[in-house]
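One structure below.
In listed order, ligands and their atoms are each counted from 1.
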Amino acid sequence: MSQVRTRIAPSPTGYLHLGTARTALYSWAYARHHGGSFVLRIEDTDVARSTQEAVEQILDAMAWLGLDFDEGPFFQMQRLARYHEVVEQMIAAGTAYRCWCTPEELDAMREAQRARGEKTRYDGRWRPASGKRLPPVPAGVQPVVRFANPPHGLVSWDDLVKGPISISNEEIDDLIILRPAPAGAGDEAAALGVPTYNFAVVVDDWDMGISHVFRGDEHINNTPWQINIFRALGAPLPRFGHCPIILGDDGQKLSKRRGAVSVTSYRDAGYLPEAMLNYLARLGWSHGDEELFTLQQMVQWFDGSHLAKSPAQWDPAKLAWVNAHYVKLADDARLAGLVQQQLSGRNVDVADLELLARASALFKDRCSTVAELADWVEMIFVPVAPSETDLAAHVTGGVRPALRSLRDRLATIDWDKPTIAAALKETLAAHQLKMPQLAPALRVLVCGRAQTPSIDAVLALFPRATVLARLQHL
Ligand code: GLU
């Protein structure tokens, strides 16, 4: 196979959403599998809706996921001269033409077609043909440029995901490929016009030598036009793979309204990038029964086969399970930094990373996310509020004397886990109690909850003064 080159081409009209992150992962993994290149292109021709903030969020999300690109980011609005050049060549070659229809005229055209019960489409009135007289050029109208789509025949491709697809050219009309610039798009755009998605994407995929295009299947209807434009340009066709949409847990398309769909919102909620990648990989692709695998394994396995044809359903519980796996595996020093960020987002600033690492080591097995881990760690720094029920159930008259004598012991001993454990043992012996009687009371008072990991290990995380203060009123 010649050089594999893939790309992801998000539009900066919003954050990088999960569907795009998944196709970015597939494109990246495919390039890495074949030792090829992965390109990032920002499709910013929707001038009114594109923002610099969205560009930054996309770059941020890609960096967080670790999907490194070999080339780019390229920006389409910096390539206007190239689109203009290709358009001029196409007009000269007769594969594109100017059209002076006004919006009112196009509305009237569609209205008449609807009235006749026909499918609405551009009727080709400005398309040159031998012996055809074109309408007189109206004054004061800026033309668009349309692609002269082949009128007959089939457009066919063997989709990497969906298999063979054929569309009749009679189904598709002469698409606009270049428009006059909207107000505010800048002088260059005003002079050269702005390309439409289906045209710019072809010029770019051609110029950037893209060999394989993975994208969402909402673009399947665009592909016949793109293939026809590739052919009109004499450009080599990439292979296309259209991945089915991701469904929300209600069976509807995953969307903003149906819960978070930006990649970075998962980072902020305490998910790890390796968990997101593992989960996204499986959402539309499989390698046998493997559910948990490293990125290196994915690169080794991802050869473009075993991509799912039917939509996958977003499953928050499974994502949490995958994330819990990676939280357990994560290095404690790394978790400490992440917990520190989570806490600082709650206005709890903690400088002691060594303490956060020890706390992470102790609690991480119980957590699905770093946010949950921070929920545990927070009790060390923020006053706890035990519930009345827990207090009544565990801090009983029978254990109060023992709690008081433990408090006195804790006031003077060396503050480390073995010495705390020894103090606990002595207290139990002196009061003839068992650990299951004393430990829950201590947990409720110090931690605000009746269940924690081993109480001596937990107490050792706290500053002595905090423990004594929480055992003050007995
Ligand atoms: N800008 C398009 C999008 O964000 C890219 C589609 C493609 O990959 O061709 O949907």
- prompt: Hey, are R121 and D174 close enough for a salt bridge, meaning a charged N less than 4.0 Å from a carboxylate O?
  reply: no
message: List the protein residues in contact with ligand 1, where contact means a heavy-atom separation under 4.0 angstrom.
response: R7, A9, P10, S11, E43, Y197, V201, R215, H219
Output field: ring centroids H219/Y197 closer than 6.0 Å: yes
Qualifying residues under side chain to side chain contact (heavy atoms under 4.5 Å, CB included), relative to P316, sequence neighbours excluded: D249, W314
task: Taking the side chain as every heavy atom from C-beta outward, state whether F462 and M379 have any pair of such atoms under 4.5 Å apart.
output: yes
message: Per the side-chain hydrogen bond (donor to acceptor under 3.5 Å, both in side chains) rule, what does the pair list look like for residues 365-380, sequence neighbours excluded?
response: R346-D375, R346-E378
message: E85: which residues meet the side-chain hydrogen bond (donor to acceptor under 3.5 Å, both in side chains) condition with it, sequence neighbours left out?
response: R82
